[in-house]
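Numbering starts at 1 and runs along the sequence shown.
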Amino acid sequence: MVRGFVWQRERRWIRWAVVLVASMALIGWSIAPASAAPPQGAASVGLLAGTLLFTIAFIFFLGGLWWRSVEWKKIVERQEQMADNVRGGWQAAASLYADLSNDRRLPPLDPTPVVLRENEVIQVRTAARYTRFVSAGDGSYTHMVGFGTGWAGALLAGSAMVGNSRRRNAATAAAAPAWREQQQIEFLAGNYGLIAFPNGQVMHFDWQAVSAFHPAPEHLSVTFEFYSAAPLTISGPYAPLLCVYAAFHLWGRERFCSAPTLHALRSAPVSAMPLPR
């Protein structure tokens with residue numbers, strides 16, 4: 001838990017406290033003694049504006065105090081949980097890196113519910129974020145035509161034109177390849193390749209089908225390109241674990257041990273995530 005003064009935590013109630021003070025000063029100016037009173041019209045406007053501003057500021061001031069005492073704690077707890085997950089994933093990846101570098105035998109894991117192929121062995125099982133670089137359509141859309149006479153016909157035609165434009169833009173955007181299908185799923189990794197479960201289905205990504213490999217363990221991600229399939233990015237706290245295992249099978253032991261991309265796994269775990277701003 002963060003201790004001491006943190007502006008991100010205190011900023012909401014402090015800002016509205018300043019507004020409260022300003023509104024009270026305005027009210028005080030409006031009801032000043034006759035000797036120092038402002039003109040009658042200005043005093044009435046000032047009193048009304050000061051009262052309204054005070055009411056609004058007081059409500060938001062209380063909301064800021066509530067956010068400080070309740071919501072901020074939830075944010076910090078989520079950040080601390082994320083930091084723990086990052087450290088746990090990094091330590092698991094570093095441990096796997098050490099095992100593979102030293103030719104330690106990895107025990108086989110339960111592949112349930114997958115039926116393994118002949119001589120296939122699963123050695124890593126974890127959850128991570130799955131994303132594919134795919135399109136969400138072929139660019140087609142339904143073209144509508146509005147008919148009618150007079151002002152009603154013009155209204156229908158204009159409405160149809162606007163609708164067609166929106167559907168065409170949406171179809172064009174959907175047809176453009178982008179990182180889509182994002183979901184948190186379970187992954188298995190073995191001597192044949194990766195096995196993923198997007199949308200509850202079983203998908204195999206064999207090592208021999210990989211055409212390019214982009215490991216980024218320090219950024220908690222790894223991207224695969226394939227000869228005949230859409231690119232795949234795996235991200236999240238435990239992505240480095242899959243990154244290490246894939247690198248060993250795709251590069252071979254010699255390159256695996258000398259690749260600078262993986263040297264950070266020999267050092268201390270990734271530090272905690274920064275607090276929200």
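- Contact between Gly236 and Pro240 at its shortest, heavy atoms only, is O-CD, 3.7 Å.
- Around the NE2 atom of His214, the shell of radius 6.0 Å holds more than 12 heavy atoms that belong to other residues, nucleotides or ligands.
- A donor-acceptor pair is defined here as one N or O able to donate and one able to accept, closer than 3.5 Å; no such pair exists between the side chain of Ser235 and the backbone of Ser221.
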Could you give me the CA-CA distance, side-chain angles and deciding distance for Thr233 and Thr131, then say whether side-chain hydrogen bond (donor to acceptor under 3.5 Å, both in side chains) is met?
CA-CA 5 Å; Thr233 288; Thr131 311; over 6 Å; no
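- Put simply, CD1 on Ile27 and CG on Leu53 are 8.0 Å apart, with the number rounded to the nearest 0.5 Å.
- Here Phe205 and Phe224 keep their ring centres 6.0 angstrom or further from each other.
- Distance check: Cys243 SG to Leu96 CG gives 10.5 Å after rounding to the nearest 0.5 Å.
- Residue Gln79 holds its CD atom at 11.5 Å from CG of Asp84, rounded to the nearest 0.5 Å.
- Aromatic ring centres of Phe256 and Tyr97 lie closer together than 6.0 Å.
- If you look at Trp16 and Phe61, their ring centroids are not closer than 6.0 Å.
- Arg125 pairs by the salt bridge (charged side-chain N to carboxylate O under 4.0 Å, His left out) definition with Glu186, not counting sequence neighbours.
- Remark: Arg87 is not positioned above the aromatic ring of Trp90, lacking an NZ or CZ atom under 6.0 angstrom from the ring centre and at most 45 degrees off the axis.
- With hydrogens and angles left out, the side-chain atoms of Gln182 and Trp179 include no donor and acceptor closer than 3.5 Å.
- Counting only heavy atoms from C-beta outward, the side chains of Arg180 and Phe133 never approach each other to under 4.5 Å.
- Under a hydrophobic-cluster definition in which Ile, Leu, Val, Met, Phe, Trp and Tyr are linked whenever side-chain heavy atoms come within less than 4.5 Å, directly or via other members, Ile14 and Val19 are assigned to the same cluster.
- A distance of 8.0 Å separates CG in Asn119 from CG in Asn191, rounded to the nearest 0.5 Å.
- Grouping the Ile, Leu, Val, Met, Phe, Trp and Tyr side chains by contacts below 4.5 angstrom, directly or via other members, places Tyr130 with Phe226.
- Residues Tyr192 and Leu116 have side chains not in contact (no heavy-atom distance under 4.5 Å, counting atoms from C-beta outward).
- Taking every heavy atom of both residues into account, Ile234 and Ala239 meet most closely at O-CB, 3.6 Å.
- Annotation: side chain of Phe213 is in contact with side chain of Trp251 (closest heavy-atom distance under 4.5 Å).
- Residues Arg253 and Asp103 meet the side-chain proximity criterion, which asks for heavy atoms closer than 4.5 Å.
- In this structure, CZ in Phe187 is found 9.5 Å from OG1 in Thr126, a value given to the nearest 0.5 Å.
- A 4.5 Å side-chain heavy-atom check between Asp206 and Leu194 finds every atom pair outside the cut-off.
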Which is it for Glu71 and Lys74 under the salt bridge (Lys or Arg N to Asp or Glu O under 4.0 Å) test, yes or no, and what are the steps along the way?
CA-CA 5 Å; Glu71 290 300 317; Lys74 293 180 181 179; 3.6 Å; yes
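- Relative ring orientation between His249 and Trp207 is described as parallel, the plane-to-plane angle staying below 30° on a 0-90° scale split at 30° and 60°.
- Side-chain contact between Arg78 and Ile75: present, with at least one pair of heavy atoms (C-beta onward) separated by less than 4.5 Å.
- Across all non-hydrogen atoms, the minimal contact from Tyr238 to Ala92 is CE2-CB, 4.3 Å.
- A distance-only check finds no donor-acceptor pair linking the side chain of Glu218 to the backbone of Ala216 [under 3.5 Å].
- Remark: side-chain polar atoms of Asp110 are paired, donor with acceptor, to backbone N or O of Thr112 under 3.5 angstrom.
- By the neighbour-count criterion of 12 heavy atoms within 6.0 Å, atom CD of Gln208 is sparsely surrounded, having that number or fewer from other residues, nucleotides or ligands.
- Considering every non-hydrogen atom in both Pro237 and Met82, the closest pair reads CG-SD, 4.0 Å.
- Note on Ile122: it does not cluster hydrophobically with Val244, by side-chain heavy-atom contacts below 4.5 Å among ILVMFWY residues.
- Counting heavy atoms from C-beta outward, Arg12 and Arg68 have side chains that stay 4.5 Å or more apart.
- A distance of 6.0 Å separates CZ of Arg11 from CH2 of Trp67, quoted to the nearest 0.5 Å.
- When the side chains of ILVMFWY residues are joined at heavy-atom separations under 4.5 Å, either directly or via intervening members, Ile31 and Leu48 end up in two distinct hydrophobic clusters.
- Across all non-hydrogen atoms, the minimal contact from Pro111 to Leu188 is O-CD1, 3.6 Å.
- Relative ring orientation between Phe58 and Phe54 is described as parallel, the plane-to-plane angle staying below 30° on a 0-90° scale split at 30° and 60°.
- Counting heavy atoms from C-beta outward, Leu250 and Val210 have side chains that approach closer than 4.5 Å.
- Partner of Asp99 under the side chain to side chain donor-acceptor pair (under 3.5 Å) criterion, out of Gln123, Arg104, Arg105: Arg104 alone.
- In this structure, the side chain of Glu120 does not engage the main chain of Gly190 through any donor-acceptor pair within 3.5 Å.
- Residues Leu47 and Ile56 share a hydrophobic cluster, clusters being chains of Ile/Leu/Val/Met/Phe/Trp/Tyr side chains in contact below 4.5 Å.
- Smallest separation of non-hydrogen atoms from Arg132 and Ala229: NH2-CB, 4.0 Å.
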